[in-house]
Structure formats: C-alpha cells, structure tokens
> 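This is the structure, below, for whatever I ask next.
Side chains included, hydrogens not; waters and symmetry mates left out as well; all remaining heavy atoms used. Protein chains get the first letters and strands the later ones, always in sequence-line order, with residue 1 at the start of each.
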Protein chains: 4
Amino acid sequence: MTWNDHKAIYLQIVDRVVEDILRGTLKTGDRALSVRDLAAEVQVNPNTVVRSYGLLEQEGILYNQRGLGFFIAENASAKARDFKKKEFIESTLPDVFKTIKLLGISMEELNLLYQQFENLKP
Amino acid sequence: MTWNDHKAIYLQIVDRVVEDILRGTLKTGDRALSVRDLAAEVQVNPNTVVRSYGLLEQEGILYNQRGLGFFIAENASAKARDFKKKEFIESTLPDVFKTIKLLGISMEELNLLYQQFENLKP
Amino acid sequence: MTWNDHKAIYLQIVDRVVEDILRGTLKTGDRALSVRDLAAEVQVNPNTVVRSYGLLEQEGILYNQRGLGFFIAENASAKARDFKKKEFIESTLPDVFKTIKLLGISMEELNLLYQQFENLKP
Amino acid sequence: MTWNDHKAIYLQIVDRVVEDILRGTLKTGDRALSVRDLAAEVQVNPNTVVRSYGLLEQEGILYNQRGLGFFIAENASAKARDFKKKEFIESTLPDVFKTIKLLGISMEELNLLYQQFENLKP
DNA sequence: GTGGTCTAGACCACC
DNA sequence: GTGGTCTAGACCACA
C-alpha cells in the first residue's frame with residue numbers, strides 16, 4: 001500500500017476498508033482481516049490498525065466479536081457510503097467549489113478535466 | 001475569520017491573501033496589512049502570519065521592503081492564480097474525481113450541488 | 001442469550017447459573033447443563049463455559065463428578081447468594097453511591113427509576 | 001492518583017476530568033492541564049492522556065486550540081453530567097436493580113446502606 | 001488465536 | 001511550547 005503524506009495513515013486504512021466495502025470486496029458478515037494480518041499486509045504497526053478499526057466500529061461499519069475478530073456490519077455498504085459522502089460534501093466540496101469560482105473554472109472545463117482523468121488510468 | 005480544522009491556519013491565511021488578490025481587493029504595489037495588524041484582525045499569533053507571508057514571498061506574490069512592510073508584487077495576480085491552480089489540479093482534483101467515481105456521483109449531480117452551493121451564500 | 005459488552009462473557013454465564021439457582025430453577029443435586037449443551041445454547045465456545053463452571057466449582061456452587069458432569073452443590077442457594085451479595089456490596093455499591101452523589105440523584109429519584117425499571121419488563 | 005484495575009486507565013482519567021467539571025474545579029473557558037503535564041501528574045504515558053482528551057473532545061466537553069492546548073467547552077458541565085448520567089442509567093443501574101431484586105434487597109435496605117456509606121468517609 | 005491497553009520514545013506540524 | 005501520529009514491544013483478558 002502506498003501512503004499519502006498529508007493524511008494520517010490510520011485514516012488511509014479506514015479509507016481502504018470503506019472502499020473495499022463500496023466495491024463489494026467486503027460484504028456484510030465477512031470477517032475483516034485480523035488486526036495483526038492487516039498490519040502485516042500494509043506494513044504498519046498493529047496499533048495503527050487498531051485505531052482504524054476502532055473508528056470503523058464507532059461508525060457502525062465494523063463490529064467486533066470478542067476473541068473472534070472484526071466483521072462487516074449489517075448495512076455496512078450504506079453506512080460506508082454515508083460516511084464517505086458526508087466527509088466529501090461537508091469538507092471537500094465547498095473548498096472545491098470556492099476554488100473553481102475563484103479561478104474561473106467552469107463546469108464544462110471541469111467536465112473536460114474529468115474525462116482526461118478517466119482516460120488516464122486505463 | 002473562521003478556521004477550518006483540517007487545514008493549517010497559516011495556509012488558510014495564505015488563501016485569504018491570494019483570494020484578495022484574485023478578487024482585486026489587493027493590487028500590485030499595494031501594501032499588505034502589517035503582520036501585527038493582520039494577526040490582530042484574525043486573532044492569531046503573529047508568528048503564524050509571518051509564516052504565511054514568508055510562503056507568499058517565496059512564491060513571488062509578496063515582497064518585503066525592510067522597515068516598510070510587505071507589498072503586492074508585480075504580476076501577483078497571475079502568480080496567485082498559477083499557485084492556486086497548480087495546487088488544485090495536482091492535489092485536489094484527482095482525489096475529488098476518485099471519490100466521485102467511488103460514490104457514483106455523476107457530473108449532473110455535481111452540477112446540482114454546485115448550484116446549491118451558489119445559492120447558499122447570497 | 002444476549003450479551004453485555006462491558007462484562008466478560010464467562011462471567012455473564014456465571015451470573016445466569018447463579019440466577020437460576022436463586023430463582024429455584026436449579027436445585028441441590030440437579031445436574032447442570034453439560035458444557036457442550038450450554039455452550040451450544042448460548043452460542044459460545046465450550047472453553048468459555050468451562051471457565052464459568054470452573055469458577056462456580058471454586059465457589060462451591062457446583063461440583064463435578066467425573067464422567068457425569070456438573071451438579072448443583074449442597075447449600076448452593078446460600079452460597080450463590082453470598083457470592084452475589086459480596087460482589088455487589090464490595091464492588092458495585094460504592095461506585096453507585098459515589099456516582100449518585102456526584103450527579104445529585106436523590107434516593108427518591110432512584111426509587112422512581114427503580115419503578116420504571118420494574119414496569120419495563122412485564 | 002490511584003487506579004482501579006478493572007477499568008482502563010484512560011477511562012479513569014476521563015472520569016477524573018468529568019468529576020472536576022461537575023465539582024466546579026474546572027469551568028468553561030479554563031485551560032485543561034496540557035497532555036504532558038497531566039501525564040506527569042498522574043504518572044502515566046502521555047499517549048494515554050491523549051486518548052482520554054480525545055474522547056472528551058469527541059463528547060464536546062473539551063475543545064482544542066491548536067498549539068495552545070485543550071480548553072473546557074461551553075456547557076461542559078451539562079455535557080459532563082449527561083455523559084456520566086447516560087453511562088450510569090444505561091449500563092450501571094439495570095444491573096444494580098436486577099441484582100437488588102434477585103437478592104431480595106429492598107429500597108429501604110439500600111437507603112440504609114447509603115447512609116452507612118455516607119457516614120464512612122468523614 | 002483474537003483484540004485492548006499501556007509504555008517508551010521518536011518525529012512532526014503548528015502556534 | 002502545544003497536540004498528533006507512529007513504532008516497537010510488552011502484557012493481559014478473552015474465546
């Protein structure tokens with residue numbers, strides 16, 4: 001896994017799990033990787049993963065069965081979407097729109113940039 | 001001034017100055033508020049403003065005349081726009097697009113959100 | 001059976017047995033559910049029940065006949081009451097009283113809450 | 001400070017702050033001890049205090065001013081009372097009432113025990 | 001095996 | 001100076 005310097009690693013791990021749920025890689029009832037295993041996989045201290053899982057549990061996206069591990073909760077997909085969307089609409093978008101306006105970028109231009117972005121990956 | 005928790009205060013001050021320049025409130029040759037005055041106005045430690053002005057000077061948007069204060073540089077407007085645009089296209093947009101795709105938000109929806117945002121302020 | 005997150009499961013199983021004895025559901029000489037059966041009933045790892053029965057044996061509330069299972073001991077009722085009461089007066093009550101005082105809850109209010117609790121179940 | 005083995009230290013630190021607020025030792029606008037100072041005072045690792053303060057911030061009882069420290073929030077007293085009361089009524093009381101009933105302790109008896117507790121300290 | 005907690009110590013950005 | 005994050009490693013209770 002590759003880290004972004006400007007965001008705490010434990011939050012990036014949260015994002016990873018949320019995205020796995022949104023993509024359907026993880027489904028309700030599935031067992032999440034154990035703290036130790038995920039920590040090993042992403043080469044991070046187990047404590048860091050504990051923190052990520054703690055946040056996800058608090059959001060109702062994961063739940064813990066003592067001694068067994070963490071599992072994907074009921075409606076995790078909807079909750080994950082809400083979680084992500086809330087963050088996006090409340091903290092990312094206003095800034096984006098403000099900047100767009102300030103720079104005089106039109107929605108058409110933005111659309112274009114989006115298509116460029118789309119064509120970039122594949 | 002109201003602070004956003006997710007961004008360093010000194011960067012938010014930078015943003016404020018940049019925006020004032022892009023809006024034309026501050027023009028080439030104008031004297032920027034003194035460190036002290038701006039610090040007082042936004043209720044912040046003067047050191048913080050020093051840091052903001054330092055960054056703006058480094059970007060060639062402000063220049064310092066010793067004993068007199070900071071002034072808006074030649075072509076500050078263009079430089080400010082470049083500074084902002086670079087940051088926006090390189091670090092903000094990719095993330096935005098990725099999230100849009102993940103959440104299944106269409107450009108139409110985004111357009112709608114933009115109009116909501118527009119109608120919010122005035 | 002429904003678990004309380006703040007108490008170890010094996011202790012909640014102990015509570016269950018103690019309560020069955022105090023209510024008279026289990027009497028001296030009765031055979032307690034086998035480890036396996038109880039474990040299946042409450043959906044728990046048999047090891048966990050073993051631990052609960054171990055504690056109850058240690059308290060003299062159950063005894064084990066090898067090959068036959070666990071049985072309710074002589075005077076189990078009195079022992080169970082003592083066990084429960086000791087725990088209650090020594091560890092639970094002081095904390096309760098301290099909190100009551102801190103929150104300014106009067107004994108009248110507590111009485112009210114008790115009646116609410118009573119009316120809740122049936 | 002003296003620790004209770006059955007409760008996480010970071011939660012006992014939370015309790016300490018909450019109680020200080022309820023007793024009026026800490027009032028809205030006051031600065032809480034810095035993480036390092038409180039850690040030194042209660043002889044605990046700073047990380048542990050960070051965790052306690054984090055929880056209190058999440059509950060809206062403390063707030064953080066970057067670079068300056070933690071402060072007691074507006075209405076901290078009410079919030080602290082709610083926080084404590086909720087925990088008490090939802091997780092402590094039901095258990096207490098259930099046990100009282102099981103042991104056949106009447107509210108009169110409980111009252112008596114309370115008076116004994118009151119006379120104990122001074 | 002699982003997660004939960006704590007320590008010691010480090011580095012960082014920020015004020 | 002402040003808090004925020006991360007690591008390394010330990011110990012514990014629990015299943």
> Counting only side-chain N and O atoms of A:Arg51, is one of them less than 4.0 Å from OP1 or OP2 of F:dT5?
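Yes, because at least one side-chain N or O of A:Arg51 sits under 4.0 Å from OP1 or OP2 of F:dT5.
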
> Can you sort out which residues in residues 2-15 of chain A have a heavy atom within less than 4.0 Å of DNA chain F? Ascending by number, please.
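A:Ala8, A:Ile9, A:Tyr10, in order of number.
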
> Against C:Val18, only a single residue in C:Ile21, C:Val14, C:Asp20 fulfils side chain to side chain contact (heavy atoms under 4.5 Å, CB included); can you say which?
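Of all the options given, the one that passes is C:Val14.
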
> So, the side chain of C:Asp37 versus the backbone of C:Ser34: is there a donor-acceptor pair under 3.5 Å, distance only?
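Pair absent, no side-chain N/O of C:Asp37 close to backbone of C:Ser34.
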
> Can you name the nearest heavy-atom pair linking A:Met1 to A:Gln12, along with the distance?
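Taking every non-hydrogen atom into account, CE-O, 3.7 Å.
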
> Check the phosphate of F:dA13 against A:Arg66, side-chain N and O only, distance under 4.0 Å to OP1 or OP2. Yes or no?
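Looking at the OP1 and OP2 atoms of F:dA13, neither is under 4.0 Å from any side-chain N or O of A:Arg66.
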
> Using a strict cut-off of less than 4.0 Å between a Lys/Arg side-chain nitrogen and an Asp/Glu carboxylate oxygen, indicate whether A:Glu19 and B:Lys98 qualify as a salt bridge.
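Yes.
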
> What is the separation between atom CD on D:Gln58 and atom C1' on F:dG4, rounded to the nearest whole Å?
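Spelled out: CD on D:Gln58 to C1' on F:dG4 is 15 Å.
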
> Is it the case that the side chain of A:Thr28 and the backbone of A:Ile72 share a donor-acceptor pair, with hydrogens and angles ignored and the cut-off at 3.5 Å?
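No, because the side chain of A:Thr28 does not come within donor-acceptor range (under 3.5 Å) of the backbone of A:Ile72.
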
> Just wondering, do C:Leu56 and C:Phe70 contact through their side chains at under 4.5 Å, heavy atoms?
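When only atoms from C-beta onward are counted, C:Leu56 and C:Phe70 do not touch, as no gap falls below 4.5 Å.
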
> Between D:Asn45 and A:Asn64, which has a closest nucleotide on DNA chain E that is more 5'?
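With D:Asn45 and A:Asn64 compared, the 5'-side residue is A:Asn64.
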
> Heavy atoms under 4.0 Å, any strand shown: does A:Tyr53 hit a base, just sugar-phosphate, or nothing?
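Nothing, no heavy atom under 4.0 Å.
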
> Rounded to whole angstrom units, what separation is found between the CG atom of A:Leu55 and the P atom of F:dT5?
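To the nearest whole Å, that distance equals 11 Å.
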
> Let's test your reading of the model: under 3.5 Å, does the base of F:dG4 pair with the side chain of D:Asn47 as donor and acceptor?
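No, no donor-acceptor pair under 3.5 Å.
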
> Using modelled atom types and a 3.5 Å cut-off, is there a donor and acceptor pairing between side-chain atoms of D:Ser52 and backbone atoms of D:Tyr10?
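It does hold such a pair.
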
> Rounded to the nearest 0.5 Å, how far apart are NZ of B:Lys7 and OG of A:Ser91?
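Result: 12.0 Å between the selected atoms.
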
> Tell me, yes or no, whether the heavy-atom count around B:Arg31 atom CZ, taken from other residues, nucleotides or ligands under 6.0 Å, exceeds 12.
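Counting other residues, nucleotides and ligands, CZ of B:Arg31 exceeds 12 neighbours.
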
> In residues 34-44 of chain D, what residues come within less than 4.0 Å of DNA chain F, judged by heavy atoms?
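Result for residues 34-44 of chain D: D:Ser34, D:Val35, D:Arg36, sorted by number.
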
> Does the structure show a Watson-Crick or G-U wobble partner for F:dC14, both distances under 3.5 Å? Name it, or say none.
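Across all strands, the one nucleotide that pairs with F:dC14 is E:dG1.
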
> Rounded to whole angstroms, how far apart are CG on D:Leu62 and P on F:dG3?
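That distance rounds to 11 Å.
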
> Would one find a side-chain N or O of D:Thr48 under 4.0 angstrom from OP1 or OP2 of E:dT7?
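Answer yes for this pair, as a side-chain N or O of D:Thr48 is under 4.0 Å from OP1 or OP2.
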
